[in-house]
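In what follows, a structure is listed as structure tokens, so that the remarks can point back to it.
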Amino acid sequence: MVCSALRRVAHMHVYLVRKASSVSKGHHHHQALGSRPAASEFAARRAPGSVVELLGKSYPQDDYSNLSQKVLSRVGRNLHNQQHHPLWLIKERVKEHFYKQYVGRFGTPMFSVYDDLSPVVTTWQNFDSLLIPPDHPSRKKGDNYYLNGNHMLRAHTSAHQWDLLHAGLDAFLVVGDVYRRDQIDSQHYPVFHQLEGVRLFSKHELFAGIKDGESLQLFEQSSRSAYKQETHTMEATKLIEFDLKQTLIRLVTHIFGDGLDIRWVDCYFPFTHPSYEMEINFHGEWLEVLGCGVMEQQLVNSAGAQDRIGWAFGLGLERLAMILYDIPDIRLFWSEDERFLKQFRVSDINQKVKFQPLSKYPAVINDISFWLPSENYTENDFYDLVRTVGGDLVEKVDLIDKFEHPKTHKTSHCYRITYRHMERTLSQREVGRIHQAVQEAAVQLLGVEGRF
């Protein structure tokens with residue numbers, strides 16, 4: 001089973017380079033959106049024993065490696081640091097708010113900001129440091145981008161929490177690109193950007209200003225409940241929760257304006273408890289904008305801050321930008337079209353901007369059906385293959401039908417792929433070439449049996 005999978009990976013590069021060449025012949029006027037696979041597109045996916053170079057370092061590949069050059073080409077783009085990019089505007093607005101609202105004893109900003117940390121992290125940083133169990137589904141190869149069994153592209157900016165706490169920091173923001181294998185639609189892209197906030201409190205800091213605060217304690221030994229951790233007192237938990245929610249209410253009010261209707265939804269994260277999601281009512285629709293909670297004390301203790309208690313939150317920059325600027329498709333953030341970029345060149349980062357849509361060109365829709373292999377197939381493998389071959393021409397992929405053969409018990413999937421260029425009209429002929437490449441790649445690389 002493993003050997004056949006490794007053999008498939010070993011010939012993957014050669015096959016796709018040949019297929020890329022045939023797709024692109026006489027047909028190169030939409031390269032800007034990465035629509036056609038080129039030879040380098042698949043250079044990262046090779047047999048175990050090879051090495052991938054990334055950000056000046058070499059990483060040996062093994063049977064965990066699942067990166068395509070399409071994804072690696074996004075590493076280092078750092079949209080959140082490109083001046084006047086909409087993601088940069090959101091980041092700067094959040095930074096400005098925290099710098100002005102939270103000032104230390106000497107008039108300097110309380111929160112330090114880290115927006116250029118490498119996206120390559122160890123699996124320990126991404127999972128174990130955050131108390132994510134070894135069998136937790138979030139570790140699945142099908143959901144993450146692994147360089148090898150020990151290194152990966154971070155799935156969240158929380159991967160840096162432990163290191164920064166261990167360095168002695170007690171209030172910081174982390175901003176960066178994160179990577180997840182996911183479905184294909186206007187809201188999801190394998191690379192997006194997060195902003196993380198963490199703040200720790202000593203006993204004196206938390207209870208300062210509270211009547212009889214000197215008699216209150218941060219810690220106790222009790223039992224865990226839905227409302228608090230076993231090591232936290234109820235008084236400390238409630239004050240941390242209040243400070244966290246007030247901090248975030250002030251932040252979203254700064255971004256979206258006064259009069260927001262906000263609600264809190266209980267949720268679960270392995271590294272906070274209790275945990276919440278904030279939803280805002282925007283134009284009559286409830287939208288989730290961030291997750292947060294009281295940091296797990298075990299995490300805080302392991303980083304060397306045993307005498308403190310803290311909160312953490314994380315938000316998606318694309319999510320906020322799409323809501324705030326009315327941007328309809330996440331692919332637009334990667335556009336180099338001046339008609340898109342010039343709309344965000346404002347003299348004041350707080351200036352209101354409403355995105356004026358580019359002309360919406362017609363979609364070309366093709367279906368693909370195949371019988372699944374008996375093992376080792378995940379939908380995210382197919383989505384990743386479609387993204388790699390079709391690039392940003394692929395607007396959406398929907399699983400529209402499942403069928404199990406009554407005699408063979410084989411399962412068939414039918415997917416509907418919507419192709420749409422952001423800058424011009426596509427012809428069925430050029431899409432046909434790409435779609436055929438998707439079909440052939442699915443057969444060769446995923447082991448499916450085509451029904452086309």
If we ignore hydrogens and angles and just use 3.5 Å, is the side chain of T233 paired with the main-chain N or O of Q217 as donor and acceptor?
yes
Any side-chain to backbone donor/acceptor pair from N281 onto D261? Under 3.5 Å, distance only.
no
Rounded to the nearest 0.5 Å, what's the gap from OG on S412 to CG on L372? Could you check?
7.0 Å
Let me have the donor-acceptor pairs involving side chains of residues 95-103, under 3.5 Å, with sequence neighbours excluded, atom names and distances please.
{"residue": "K95", "atom": "NZ", "partner": "E92", "partner atom": "OE2", "Å": "3.3"}
{"residue": "E96", "atom": "OE1", "partner": "N350", "partner atom": "ND2", "Å": "2.9"}
{"residue": "Y102", "atom": "OH", "partner": "R250", "partner atom": "NE", "Å": "3.3"}
{"residue": "Y102", "atom": "OH", "partner": "R250", "partner atom": "NH2", "Å": "3.1"}

Is it true that, when you exclude Q298 itself, more than 12 heavy atoms of the residues, nucleotides or ligands shown sit nearer than 6.0 Å to its CD?
no
So, F382 versus Y377, ring centres under 6.0 angstrom or not?
no
The reported gap from CH2 in W88 to CD in Q82 (rounded to nearest 0.5 angstrom) is 11.5 Å
One pair to check against salt bridge (charged side-chain N to carboxylate O under 4.0 Å, His left out): R308 and D170. What are the steps and the verdict?
CA-CA 9 Å; R308 295 176 179 247; D170 56 13; 3.2 Å; yes
Please give me the minimum heavy-atom distance between W311 and D243, naming the atom from each residue.
NE1-OD2, 2.8 Å
Whether Q356 side chain and K354 backbone form a donor-acceptor pair below 3.5 Å
yes
Mark yes or no for whether R345, through its side chain, and H84, through its backbone, hold a donor-acceptor pair below 3.5 Å.
no
Mark yes when over 12 heavy atoms from residues, nucleotides or ligands other than F242 sit less than 6.0 Å from its CZ; otherwise mark no.
no
Answer with yes or no after comparing the ring centroid distance for F340 and F355 against a 6.0 Å cut-off, counting only values under it.
yes
For the student: nearest non-hydrogen atoms of A441 and V389, plus distance:
CB-CG2, 4.4 Å
When every non-hydrogen atom of I90 is compared with those of L317, the smallest separation belongs to CG2-CD2, 3.6 Å
Output field: ring centroids Y325/F344 closer than 6.0 Å
yes
Determine whether F282 and V289 satisfy the following criterion, side chain to side chain contact (heavy atoms under 4.5 Å, CB included), listing intermediate values before the conclusion.
CA-CA 11 Å; F282 196 73; V289 291; over 6 Å; no
Could R139 and Y146 be counted as a cation-pi pair, given that NZ or CZ must be under 6.0 Å from the ring centre and within 45° of the axis?
no
Test applied, salt bridge (charged side-chain N to carboxylate O under 4.0 Å, His left out); reference residue, D392; option that passes from R387, R420, R74, R331
R74
Between T108 and G104 (side chain of the first, backbone of the second, donor and acceptor by atom type, cut-off under 3.5 Å), is there such a pair?
no
Can you measure from CG (D266) to CD (E277) and round to the nearest 0.5 angstrom?
10.0 Å
Using the salt bridge (charged side-chain N to carboxylate O under 4.0 Å, His left out) rule, take K396 and D185 through it: C-alpha gap first, then chi angles, then the decisive distance, then the call.
CA-CA 4 Å; K396 185 170 59 169; D185 58 31; over 6 Å; no
Does atom CZ (F403) have a neighbourhood of more than 12 heavy atoms from anything else shown, all under 6.0 Å?
yes
Side chains of Q194 and H156: is there a donor and an acceptor less than 3.5 Å apart?
no
Let me see the working for E423 and R339 under salt bridge (charged side-chain N to carboxylate O under 4.0 Å, His left out), right down to the final yes or no.
CA-CA 10 Å; E423 299 165 14; R339 294 175 298 169; 5.4 Å; no
Below 4.5 Å, heavy atoms only, C-beta onward: do L299 and L165 meet side chain to side chain?
yes
To the nearest 0.5 angstrom, please state how far the CG atom of D135 sits from the OG atom of S138.
10.0 Å
If you apply the rule side chain to side chain contact (heavy atoms under 4.5 Å, CB included), what do you find for D177 with R77, and how did you get there?
CA-CA 9 Å; D177 42 334; R77 286 285 299 275; over 6 Å; no
Side-chain donor-acceptor contact under 3.5 Å, H193 with E318:
yes
For H136, I'd like to know if atom NE2 has over 12 heavy atoms of other residues, nucleotides or ligands within 6.0 Å.
yes
For the residue pair N150 and Y59, establish whether any side-chain heavy-atom pair is separated by less than 4.5 Å.
no
What's the shortest heavy-atom distance between S118 and V121, and which atoms?
O-CG1, 4.2 Å
Please report the interatomic distance CG(L79) to CZ(F192), rounded to the nearest 0.5 Å.
13.5 Å
Of the non-hydrogen atoms in T272 and C292, which two are nearest, and what is the gap between them?
OG1-O, 4.1 Å
Quick one: does K57's side chain get under 4.5 Å of V120's, heavy atoms only?
no
Would you find a donor on one side and an acceptor on the other, under 3.5 Å apart, between the side chain of S58 and the backbone of E53?
no
Whether the S223 and E230 side chains hold a donor-acceptor pair (N or O, under 3.5 Å, no angle test) is what I'd like checked.
no
Under a 3.5 Å threshold, yes or no: a donor from one side chain and an acceptor from the other, between R154 and H160?
yes
side-chain hydrogen bond (donor to acceptor under 3.5 Å, both in side chains) test vs K228 passes for just one of E241, E220, H273, namely E220
Looking only at heavy atoms, the pair that brings V75 and P119 closest together is CG1-CG, 3.9 Å
Please report the C-alpha distance between E379 and R181 in whole Å, then the side-chain angles of each, then the deciding distance to 0.1 Å, and finally whether the salt bridge (charged side-chain N to carboxylate O under 4.0 Å, His left out) criterion is met.
CA-CA 10 Å; E379 288 182 30; R181 303 177 84 202; over 6 Å; no
Does some side-chain heavy atom of L173 sit less than 4.5 Å from a side-chain heavy atom of S112?
no
Does the pair H204 and S202 meet the rule for a side chain to side chain donor-acceptor pair (under 3.5 Å), with working shown?
CA-CA 5 Å; H204 171 74; S202 65; over 6 Å; no
Measuring from atom CD1 of I417 to atom CG of D367, what distance do you get when rounded to the nearest 0.5 angstrom?
8.5 Å
Criterion side chain to side chain contact (heavy atoms under 4.5 Å, CB included) against E196, the qualifying member of V178, V174, L315, V175
V174
Look at the side chain of N148 and the backbone N and O of P60, then say whether any donor-acceptor pair between them is shorter than 3.5 Å.
yes
Is there side-chain contact between L67 and V52, with at least one heavy-atom pair below 4.5 Å?
no
Donor-acceptor contact below 3.5 Å, side chain N81 vs main chain D115:
yes
Is there a side chain to side chain contact (heavy atoms under 4.5 Å, CB included) between L239 and F207? Walk through the geometry before answering.
CA-CA 8 Å; L239 282 172; F207 296 130; 3.4 Å; yes
Has Y64 got more than 12 heavy atoms of other residues, nucleotides or ligands less than 6.0 Å from its OH?
no
Begin with the C-alpha distance, continue with both residues' side-chain angles, and end with the deciding distance and a verdict on side chain to side chain contact (heavy atoms under 4.5 Å, CB included) for Y419 and V394.
CA-CA 5 Å; Y419 299 88; V394 180; 3.9 Å; yes
